[in-house]
Amino acid sequence: MTQDRIIIFDTTLRDGEQSPGNSMNLEEKLLVADALDAMGVDIIEAGFAMASNGDFEAVHAIAKRIKHSVVCSLARAKVADIERAAEALKPAKQPRIHTFMSTSPIHLKYQFRMEEDEVLDLIASTVKLARKFTDNVEWSAMDATRTGIDYLCKAMETAIKAGATTVNVPDTVGYTVPDEYYTIISAIKNRVPNIDKAIISTHCQNDLGLATANSLAAVRAGARQIECTINGIGERAGNTALEEVVMAIHTRKDLYPFATNIKTDHIMRLSRLVTSVTGQQVQNNKAIVGANAFAHESGIHQDGVLKHAGTYEIMTPESVGLTRSNLVMGKHSGRHAFKDKIKDLGFELGDNALEEAFARFKDLADKKKDIYDEDIIALVDARTVSKSDPIQFSALKVVCGTIGEQTAELTLLINGKSQTVKVEGVGSVDATFKAIKTLVPHEAKLKLYQVHGVTQGTDAQAEVTVRLADDTRIINGHGSDTDTLVASAKAYIDALCRLQVARKDIEDIAT
Ligand code: KIV
C-alpha cells in the first residue's frame with residue numbers, strides 16, 4: 001500500500017448495526033453490501049459471525065457475492081470465534097479476520113479479570129490462529145485510548161509479531177480528543193519497532209462529537225485506515241461517518257494529500273439506502289447528507305451562489321451524488337426513459353428488478369403527477385413485498401377528523417384468504433394499527449412509528465418505518481405510498497411478516 005492512500009473500512013453492517021433498531025435482515029444487508037462494493041469501499045466488515053446464526057449467514061452470503069472489497073468478520077480473542085469467522089468467510093475472494101482484545105486497565109481489572117502479561121499471550125495466540133486461515137488479519141486494542149502508552153505499544157508489537165497486518169487503535173468509548181489521539185498514533189508509529197509491517201487504523205466513537213476530527217488527526221499522525229459507517233450510525237452516539245471523513249480528505253487536499261478509492265457520487269445513495277433499511281433518518285443539518293447540507297437560505301448566500309457556486313459551496317452537491325430535485329417523469333414516460341433515468345441515478349438493475357421497479361413507477365405515476373429523482377430512488381430502494389409473505393395489504397378505508405368516530409376498515413389477504421374488519425381508534429393511525437392487530441393477533445410491541453416525506457408537496461410519497469419488538473428481536477418494517485395511512489399499514493404488516501410472530505396465528509385464522 002502506498003503511503004498516500006487511505007483505506008476505507010466500512011463497519012455499517014457490524015458496528016453500525018450494533019445499536020437499537022438498526023438491525024437489518026439478510027436481504028437488506030446484501031443490498032447495503034452490494035452498494036458499498038460498488039462505491040469502492042476497500043473493506044466491508046460484514047458482521048460478527050459468532051454472534052448469531054443470522055450474523056454467520058450474513059457474513060457468509062456477503063463473502064460469496066462481493067467482487068471487489070475485502071470482506072471481514074469480527075471475532076473475539078477466542079478460538080471458537082476465530083474458527084467461526086474463518087468458516088463464514090470461506091467463500092470470500094479476499095477474507096479478513098478482525099480479532100480484538102481489551103487493553104485498558106479498567107477493562108482488564110473489572111471485565112476480564114486478567115493481568116497484562118496474560119493478555120499479551122492471548123493476543124499472540126489468537127492472532128497466530130487467525131493467520132492460519134488468512135494472511136489478512138486485523139488486531140484491535142479495545143479501549144486503546146484509555147490504555148497506558150507503554151503497554152499499548154507492547155500489545156501492538158506483540159500482535160504484529162504474531163502476524164497482524166493491520167493494528168487498530170479504537171477510541172471505544174469516544175473519550176479522546178484530536179490532539180491526544182494524534183499523540184497516541186504518533187507514539188505507536190515512532191515506538192513500535194515492527195510497525196513498518198502493519199497498517200495503523202483508527203476506529204472512533206462519537207460520544208463527544210469528535211469522531212471525524214479524531215480520525216483525521218490520526219491520519220495526519222500516520223494512520224492509513226479509517227473505520228467508519230454510513231451516516232455515522234453505531235453504538236451510542238455512533239461512529240465516524242464515512243461521508244464526512246471521505247469528503248474532508250477530498251475537499252482539503254492541501255491538508256490531507258491522500259486518495260481514497262471511494263466514488264464520492266455514490267454517497268447520497270448509500271446514505272438513503274441505510275436510512276431506508278434502518279428507518280433512522282439523518283438530521284436536516286447533518287454534514288454532507290442532511291437535507292439542508294446544500295441548501296442556501298440567506299439572501300446574501302443565495303446571491304453569491306448564483307454568481308459563483310464557490311462563494312459559499314466548498315464542494316458541489318453533484319460530487320456527493322445529489323441530483324438537483326428536477327422534475328423527471330410522469331405517467332406518459334415509457335420503459336426506455338425509465339431505464340435511462342435509473343442508469344443516470346447510478347443503479348444497475350437486472351431485467352426482473354427493472355420490470356418490478358417500472359411497475360411500481362407506473363402505479364405511482366397514476367397517483368402522483370410529478371415524479372422526482374427522489375421518488376425514483378425510493379421506488380428502487382423499496383423492499384418489494386414478497387408474494388410469499390403470509391400477510392398482504394389489500395384495501396383500507398379510513399374515517400378521520402373531528403366529527404364522529406375515527407375508524408379504519410381494513411382488508412388483508414392472510415395466507416391467500418381475504419379478511420376484513422372495521423375498528424375504532426384514537427385517531428386514524430391508531431384505528432389502522434388496531435385493525436391489523438384484530439386480524440392478526442400478536443404480542444409484539446410498537447417501538448417506533450416514523451413518517452418521512454420523500455419529496456416536498458402534499459402529493460409526496462410517505463415513507464413509513466414501524467419498529468416492532470418481541471421478547472428476542474427488534475425489527476423495522478417499511479412501507480411507502482402517496483397515502484400516509486396506506487404506507488403506515490404496509491410498514492406495520494412488513495414488520496409483522498419479518499417478525500413472524502403472526503405465523504401460527506395466521507395458520508389458525510386461515511383454517
Ligand atoms: O469500539 C471498539 O472498540 C470496537 C472494536 C472491536 C474495533 O468496535
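In listed order, ligands and their atoms are each counted from 1. Here, residue 1 is the first one in the sequence, and each next residue gets the next number.
- Contacts between M101 and ligand 1 below 4.0 angstrom, taking non-hydrogen atoms only, are absent altogether.
- Relative orientation of the Y492 and H442 rings is tilted, given thresholds of 30° and 60° on the angle between their planes.
- Looking at T172 next to ligand 1, an N or O pair under 3.5 Å apart turns up.
- Within the 4.0 Å heavy-atom cutoff, E235 does not count among the residues contacting ligand 1.
- Interface atoms of ligand 1 facing P170, defined by a heavy-atom separation under 4.0 Å, are 2 (C), 3 (O), 7 (C).
- Between D494 and R498 there is a salt bridge, since at least one side-chain N of the basic residue sits less than 4.0 Å from a carboxylate O of the acidic one.
- In this structure, CG in L216 is found 9.0 Å from CD1 in I6, a value given to the nearest 0.5 Å.
- Electrostatic pairing of E157 and R191 does not count as a salt bridge here, judged by no charged N lying under 4.0 Å from a carboxylate O.
- Every atom of ligand 1 is numbered from 1 in the order shown, and the set under 4.0 Å from a heavy atom of R14 is 4 (C), 6 (C), 7 (C), 8 (O).
- Set against the non-hydrogen atoms of D15, the atoms of ligand 1 under 4.0 Å away are 8 (O).
- Proximity to Q205 (heavy-atom distance under 4.0 Å) selects the following atoms of ligand 1: 1 (O).
- At a threshold of 4.0 Å, the pair R65-D34 counts as salt-bridged, since one of the basic side-chain nitrogens sits closer than that to a carboxylate oxygen.
- Between S276 and H478, the side chains place no donor N or O within less than 3.5 Å of an acceptor N or O (distance only, hydrogens not considered).
- The shortest heavy-atom contact between E244 and A287 is OE2-CB, 3.9 Å.
- With hydrogens left out, the protein atom closest to atom 1 (O) of ligand 1 is H203 NE2, 3.3 Å, a heavy atom.
- For ligand 1 and N168, the ligand atoms under 4.0 Å from any heavy atom of the residue are 7 (C).
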